[in-house]
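Here's the structure, in structure tokens; my notes come after.
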Amino acid sequence: MSGYDPKAIELKWQARWSAARVFEVAEADAARSRFYALEMLPYPSGRIHMGHVRNYSIGDAVARFRRMRGEQVLHVIGWDAFGLPAENAAIQNGVEPRAWTLANINTMRGQLQRLGIGYDWNREIATCLPDYYRWNQWLFLRMLERGDAFRARRLLNWCASCGTVLANEQVVAGRCWRCDNPVTRREFDQWFLRITDYAEEILDGIDRLDRWPERVRTMQRNWIGRSDGATVRFEVTGGGGPIEIFTTRLDTIFGATSLALAVEHPQLLPLAAGTPQEDAVRAFVAHEGGRSIEDRFAEGAAKLGVFTGRHAVHPFTGEPIPIWAANFVLMDVGTGAIMSVPAHDERDHAFATAYGLAIRAVVVPSSGGAPPGGDPFTEDGILRGSGAFDGLPSAAARERLAAIVAERGIGSATVTYRIKDWGISRQRYWGTPIPVVHCEGCGIVPVPDDQLPVLLPERAPLTGSGGSPLAQVPEFVETTCPRCGEPARRETDTMDTFVDSCWYYFRYCDPRNDRVPFERSKVEPWFPVDLYIGGIEHATMHLIYTRYWTKVMRDLGLVALDEPVAALFTQGMVIKDGAKMSKSKGNVVDPDHMIDRFGADSTRLFSLFAAPPERDLEWSDAGIEGCFRFLGRLWRAFETARALLPAPGAPAPSDADRGEARALRRKTHRTIRRVTDDLGPRMHLNTPVAAVMELLNAATPLIRHEAGAGEAWALREAFETMAKILAPFAPHVAEELWEGLGRDPFVATAPWPVADAAMLVEDEVLLVVQINGKVRGKLTVPAGLSEDAALEAARGDRNVSSHLDGKAVLKTVFVPDRLLNLVVG
RNA sequence: GCCGAAGUGGCGGAAUUGGUAGACGCGCUAGAUUCAGGAUCUAGUGGGCGCAAGCCCGCGGGGGUUCGAGUCCCCCCUUCGGCACCA
């Protein structure tokens, strides 16, 4: 060993780990405790960024720790390799998506290997390979058989810029999640997955995900958006009804003075037909329907409407009430139609005021106060003006009314969800072909299993517009019907890439299976995932889809588990100068540059040390230098100490238990305990790094020529401990130290150190003396001192006694070996 | 509006159960070494007062519980995030 040269040692140990297959797992070992450490698989965009470094450093630290604790650890990486950027690259640079993607994977794999992340590379997968996506197709066909997958014409989100439809999850504030362009609504024939069938189970399951962040659980609850209410059907005078509305305030139904339908409501135009209002309604629909979602539903957007020329019959009063079309009624909420109760809803109130509709108050505050004039009263209260229901509190009235409505056969108590069925059709090339055939005679025919995979053609014309590129590839489109043998057309849409990531980590357990997606027996030893690490941005999309997918696979008999992930960890972002790193802001730090300058160990160490892993991390060049300096300090200290150290495994000399040697040994064992706790469920990865620094600081003064045999022994123990507890964080330096200590490779598989209980017991402790809760003295006393003796020692302290002078001690609080508080009058 | 997370030195952040607030690192100051720069080593570093011993103030603000509160309870403020014309 000479000066600390990260480049040399990192390459050396990476090669040795690989040759010795340190991170490979052949089969799950039933005799051992197992740990599945999983990081969200990356999209192969080109190069890894600091967010990846942080993600994988966290995962590798935990995986390496678990491995050293004797557990069998599954730690794998793969590539979320389908997606739009590959097509954009093709359009812009003329590179084939496949070639572009595979080249990126090669680059990024090399970068991960340079970082020394301990993956089992034999299990690596890429979702764009037929080996993988054929099982997307196979699973889709099983879902089709069960009715989980279905085709329907629905109003969907359309991104003109990406030239494709988007799932609701992919629309953020009315804009495309990827390109930020305004999204519009259009009707399409699409493939859907019936996630709403599982909405209740997905929602209930959140309660049991007690090792998931509260933040994510809340986001998922909000996303699913359960709403308890009732549907009621209103008859229409002169026919054309009934119109079904949804409300959560059935108690206010006597205050309903009109109905309002969404612009897209299928009954709207038929109702208006033939009335004097028909033209006005048509114009309104045309105008509102053409506006973008962002525009139409912006905060403070005007509530516009038009009378349809028709009336509904109020089911309780029998009075006719006008039916309107209104732009603030959303087609995909409830039934797309509401009863308008201006006295008890702010939106209805604004609408009624604008158009001169009747306002009838039917709920008064239960406090007995007068109903407030002017503003609508939107809280629960006591019914009045509601016939037989007067005097009932709102909650009771809702129950009663729901029962009566059900009895009369005009409605029922109903639960609706904000979450919608997952539209998975994409008009893109670079994705999994949906394995069905459209036949003139037979309709939609699934591709038989033995004809899978439906291969993506080598190339397709990519222009970025004009619908599905696959439709332009005759040799793909033209086929024969698997059922009748007549000429037929293949489905030309591909699957949303979120399908790919729903089950990839099941495939890691059985990555080369060519018979089924995975063997149940290979998956079950590893599931549920012990720790899943990734960004918060996947809280609603990926993490809801994969929970859903798991439940479907369970119901298909593929697995026997309800939830795939036991513990979720959401890491913070890596930011620079207060903003997320991005090319446009020019604040990107390239991991490769950091590895060149400081080495992989310093880069990893800093990404763990600089902030708790769940919080945002502000990148700091000075900070990573500090980590590099620490490793240099450790290196030099060890080089100096080496000559002093006893042989590996030498028995402790008697004076290893005295004086400074004993103090260092105590520090060593306290450090072991602390780091072991932190790396466990606490997931504190920044404090163990600090603990190793402290241990080095404590050991350094003992490194001197006149060190005695006991001190030298304690030094060996300290350095062996540092090598081991640093192994999850800075694995290359740790191996080099371990080798320098004369130990057999590898520290990566060496047993994790165990704190010696005897070494954790202090014989001298610092006793804090307080007077009236304020610290007035700190005494070093023998451990286990009695209260009386502590009191006596405290009185002997000059400062303490000066504060006690002439005052009576009213009360004494004594915490053995810690604190003595004297309350004086 | 509803829901959630978080507020600690100049900075990133420590503080297992209520018991020494500020570990560790960065930065800064002084010194050593060096031709110089850099690197390294040593010491110091929350604010105020004091020659010193020491005292006072300090974890977003205000109350409370307690011998004792960063930690528990109540109210408020700020920041960030999710949902939101959701019927």
Side-chain angles (χ1 to χ4, degrees), chain A residues 172-173 213-227 229 245-250 252 260 262 296-303 326-330 332-341 344-348 350-351 378 416-418 536-537 539-540 605-606 609-612 614-627 629-630 632-633 636 673-674 677-678 680 682 684 686-697 700 766-778 798-799 802-803 810-815 818-824:
Chain A
V172 179
E214 197 51 48
R215 202 160 50 135
V216 174
R217 303 208 292 167
T218 304
M219 284 165 77
Q220 293 207 347
R221 285 193 189 100
N222 286 344
W223 190 262
I224 295 163
R226 183 187 157 114
S227 174
I245 62 98
F246 176 75
T247 179
T248 55
R249 291 297 306 275
L250 190 56
T252 64
R296 250 178 89 186
F297 302 113
E299 206 173 324
K303 289 181 177 42
N327 68 347
F328 69 94
V329 178
L330 306 174
D332 47 15
V333 176
T335 60
I338 60 165
M339 63 177 196
S340 184
V341 186
H344 304 294
D345 181 281
E346 298 193 3
R347 296 152 301 176
D348 295 346
F351 191 69
T378 58
T416 66
Y417 297 92
R418 203 191 77 99
I536 187 73
E537 66 274 18
T540 48
L605 200 62
F606 178 68
F609 175 61
E614 68 278 9
R615 281 210 231 162
D616 285 353
L617 183 156
E618 169 77 31
W619 190 264
S620 148
D621 288 343
I624 188 173
E625 269 189 71
C627 287
R629 283 208 295 267
F630 160 68
R633 215 153 52 230
R636 285 187 297 279
R673 188 186 52 178
R674 192 175 144 191
D677 285 352
D678 283 349
R682 266 164 61 93
H684 285 204
N686 50 335
T687 46
V689 179
V692 182
M693 290 172 172
E694 280 185 58
L695 182 55
L696 176 63
N697 292 345
T700 304
L766 192 70
L767 185 75
V768 173
V769 182
Q770 298 181 333
I771 309 290
N772 290 344
K774 285 187 184 293
V775 178
R776 297 302 179 189
K778 296 172 185 179
R798 239 180 62 207
N799 197 39
S802 76
H803 280 91
L810 304 176
K811 183 172 179 178
T812 308
V813 179
F814 181 62
V815 182
R818 290 200 101 143
L819 170 132
L820 177 69
N821 187 15
L822 304 174
V823 184
V824 301

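Basis for what follows: all heavy atoms, side chains included, without hydrogens, waters or symmetry-related copies. Letters go in sequence order (proteins before strands), and every chain restarts at 1.
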Any [X] side-chain nitrogen or oxygen under 4.0 Å from OP1 or OP2 of [N]:
X	N	answer
A/Lys811	B/rC67	yes
A/Asn686	B/rC24	no
A/His684	B/rA15	yes
A/Arg221	B/rC2	no
A/His803	B/rG54	no
A/Asn697	B/rA23	no
A/Lys774	B/rG58	no
A/Arg776	B/rC56	yes
A/Thr416	B/rA87	no
A/Arg674	B/rA14	no

What nucleic acid atoms does [X] come within less than 4.0 Å of, heavy atoms only: base, sugar-phosphate, or nothing?
X	answer
A/Arg226	nothing
A/Asn799	sugar-phosphate
A/Pro213	nothing
A/Leu810	nothing
A/Asp348	nothing
A/Asn821	base
A/Val823	sugar-phosphate

Below 3.5 Å is the cut-off: list the nitrogen or oxygen pairs between protein and nucleotides 80-82 of chain B, distance only.
{"unit_1": "B/rG82", "atom_1": "N2", "unit_2": "A/Asn222", "atom_2": "ND2", "d": "3.1"}
{"unit_1": "B/rG82", "atom_1": "N3", "unit_2": "A/Asn222", "atom_2": "ND2", "d": "3.2"}

Work out how far the [atom1] atom of [N] is from that of [M], and round it to whole angstrom.
N	M	atom1	answer
B/rU79	B/rC74	P	23 Å
B/rC55	B/rC51	C1'	15 Å
B/rG25	B/rC75	C1'	38 Å
B/rA5	B/rC85	C1'	27 Å
B/rG44	B/rG10	C1'	16 Å
B/rU8	B/rA23	P	16 Å
B/rC2	B/rG12	C1'	34 Å
B/rU78	B/rC26	P	37 Å

* **Within 6.0 angstrom of A/Glu346 CD, more than 12 heavy atoms from elsewhere** => no
* To do: Ignoring hydrogens and angles, answer whether the base of B/rU40 and the side-chain atoms of A/Arg636 contain a donor-acceptor pair closer than 3.5 Å.
  => no
* Expected output: side-chain A/Arg633 to main-chain A/Met693 donor-acceptor under 3.5 Å -> no
* Start at the 5' end of RNA chain B and walk down; is the nucleotide closest to A/Ala691 or to A/Ser227 reached first? ->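 It is A/Ala691 whose nearest nucleotide is closer to the 5' end.
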* **Conformer about C1'-N of B/rG82 - syn within 90° of 0, anti elsewhere** =>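 You should classify B/rG82 as anti.
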* Asked: Roughly, in whole Å, what's the span from CZ in A/Arg418 to P in B/rC86?
  ->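 From A/Arg418 CZ to B/rC86 P: 12 Å.
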* What stems, by residue range, does RNA chain B take part in, given at least 3 consecutive Watson-Crick or G-U pairs under 3.5 Å? -> B:1-7 with B:77-83, B:10-12 with B:24-26, B:27-32 with B:40-45, B:46-49 with B:54-57, B:60-64 with B:72-76
Output one line per pair: protein atom, nucleotide atom from nucleotides 26-28 of chain B, and distance, for all N/O pairs under 3.5 Å.
{"unit_1": "B/rC26", "atom_1": "OP1", "unit_2": "A/Arg629", "atom_2": "NH2", "d": "2.8"}
{"unit_1": "B/rG27", "atom_1": "OP2", "unit_2": "A/Arg629", "atom_2": "NH2", "d": "3.2"}

